[in-house]
Amino acid sequence: RQALEEMRALYERNQADVSEAKSGRTDLIFLIRFRHCCLLRNQRCLLAYLYDRLLRIRALRWEYGSVLPNTIQFHMSSEEVEWFNQYKKSLASYMRSVGGEEGLDLTQDIKPPKSLYIEVRCLKDYGEFEIDDGTTVLLKKNSQHFLPRWKCEQLIRQGVLEHILS
């Protein structure tokens, strides 16, 4: 906000000096050019800041999945939330188009797994959790389970489960 206010003030001063320079005061041209360079520098800095935020928001999609926690979403502007939702939709449509009928979930197994099943401890009460073979597991706080890695990764990222390393 401070950078935008500074840019607005520089622009207004430049506009006033340009009208004076048109009426014959050529000594103001260097000052006008200097302010214009300051405006361009501030613009580059703001664009770099915004681009960095977009990269971080994109990384949040891969880290937390399609639903952001409220604590993170609270610190985002409405435009950033909208950008996140558009990115989420684009990624989902791409994943559906790749990999046959069911699509391919690229967000799973960000690092190649060493084993297909892992031991996990439940950090919060979650309720019933259904595995692909139809069995349901009751995830209660401090309970331990041996579950398929790909079914647990999302819950591990959300903080519901903790991977127990033996």
Side-chain angles (χ1 to χ4, degrees), residues 1-8 11 36-166:
R1 289 187 181 126
Q2 288 175 337
L4 287 174
E5 287 299 319
E6 180 184 329
M7 288 176 72
R8 188 174 294 117
Y11 181 77
H36 185 70
C37 288
C38 291
L39 282 168
L40 292 177
R41 180 199 173 276
N42 285 358
Q43 181 185 23
R44 285 192 309 272
C45 290
L46 287 173
L47 288 174
Y49 170 75
L50 291 173
Y51 182 69
D52 183 62
R53 280 192 67 95
L54 285 182
L55 291 179
R56 290 172 190 252
I57 292 169
R58 184 176 70 180
L60 289 174
R61 168 58 181 94
W62 292 87
E63 184 177 341
Y64 289 101
S66 60
V67 178
L68 288 178
N70 288 334
T71 56
I72 291 175
Q73 203 167 7
F74 175 74
H75 295 288
M76 294 169 59
S77 69
S78 60
E79 291 83 7
E80 289 171 334
V81 172
E82 183 180 331
W83 190 88
F84 176 81
N85 289 332
Q86 289 292 359
Y87 180 71
K88 176 177 67 173
K89 288 176 186 175
S90 296
L91 183 62
S93 69
Y94 175 74
M95 289 189 299
R96 275 192 306 272
S97 71
V98 179
E101 269 181 39
E102 296 176 16
L104 177 66
D105 190 0
L106 298 174
T107 60
Q108 286 183 343
D109 294 332
I110 294 174
K111 294 177 185 172
K114 292 182 181 177
S115 63
L116 296 178
Y117 285 82
I118 58 172
E119 191 171 0
V120 292
R121 178 181 299 118
C122 196
L123 301 174
K124 314 175 186 180
D125 287 336
Y126 184 76
E128 288 190 351
F129 181 69
E130 187 173 343
I131 304 174
D132 282 345
D133 62 3
T135 58
T136 58
V137 177
L138 183 61
L139 297 177
K140 293 183 81 172
K141 187 174 182 174
N142 295 324
S143 61
Q144 292 185 6
H145 307 279
F146 197 64
L147 299 172
R149 173 184 294 273
W150 68 275
K151 289 291 278 186
C152 300
E153 279 193 344
Q154 193 72 28
L155 293 175
I156 291 171
R157 281 190 229 131
Q158 292 174 0
V160 175
L161 296 176
E162 171 187 44
H163 183 192
I164 299 174
L165 301 172
S166 31

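- L161 is not listed as a side-chain neighbour of Y126, based on a closest heavy-atom distance of 4.5 Å or more.
- I118 contributes atom CD1, which lies 4.5 Å from atom NE2 of H163 (distance to the nearest 0.5 angstrom).
- Under the 4.5 Å side-chain criterion, counting only non-hydrogen atoms from C-beta, S143 is not in contact with R121.
- A 6.0 Å sphere centred on CG of N70 holds no more than 12 heavy atoms belonging to other residues, nucleotides or ligands.
- Here E119 contributes atom CD and E162 contributes atom CD; the two are 11.0 Å apart, rounded to the nearest 0.5 Å.
- Side-chain atoms of L116 and R149, non-hydrogen and from C-beta on, never get closer than 4.5 Å to each other.
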With a cut-off of 3.5 Å and sequence neighbours excluded, list every side-chain donor-acceptor pair involving residues 42-50.
{"from": "N42", "atom 1": "ND2", "to": "E6", "atom 2": "OE2", "distance (Å)": "3.3"}

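- Residues G159 and L123 approach most closely at O-CD1, 3.6 Å, considering heavy atoms.
- Here the straight-line distance linking atom CE of M7 with atom CG of L40 works out to 8.0 Å at 0.5 Å rounding.
- Looking at Y87 and I57, their side chains never come closer than 4.5 Å, going by heavy atoms from C-beta outward.
- In this structure, the side chains of F129 and K151 come closer than 4.5 Å at one or more pairs of heavy atoms.
- Of all heavy-atom pairs between Q154 and G65, the closest is NE2-CA, 3.2 Å.
- Here L106 contributes atom CG and M95 contributes atom CE; the two are 6.0 Å apart, rounded to the nearest 0.5 Å.
- In this structure R41 satisfies the salt bridge (Lys or Arg N to Asp or Glu O under 4.0 Å) test with no other residue, sequence neighbours excluded.
- Put simply, CZ on F146 and SG on C152 are 10.0 Å apart, with the number rounded to the nearest 0.5 Å.
- Contact check on R1 versus E5 returns no salt bridge, with no Lys/Arg side-chain nitrogen under 4.0 Å from an Asp/Glu carboxylate oxygen.
- Here the closest heavy-atom approach between residue L139 and residue H145 is recorded as CD2-CD2, 3.5 Å.
- Sorted by first and then second residue, the salt bridge (Lys or Arg N to Asp or Glu O under 4.0 Å) pairs involving residues 71-98 (not counting sequence neighbours) are R53-E80.
- Of the inter-residue distances, the one linking L60 atom CG with S66 atom OG reads 12.5 Å to the nearest 0.5 angstrom.
- Considering all non-hydrogen atoms of both residues, F84 and M76 come closest at CB-CE, 4.2 Å.
- Side-chain contact between L155 and V120 is absent, with no heavy-atom pair separated by less than 4.5 Å.
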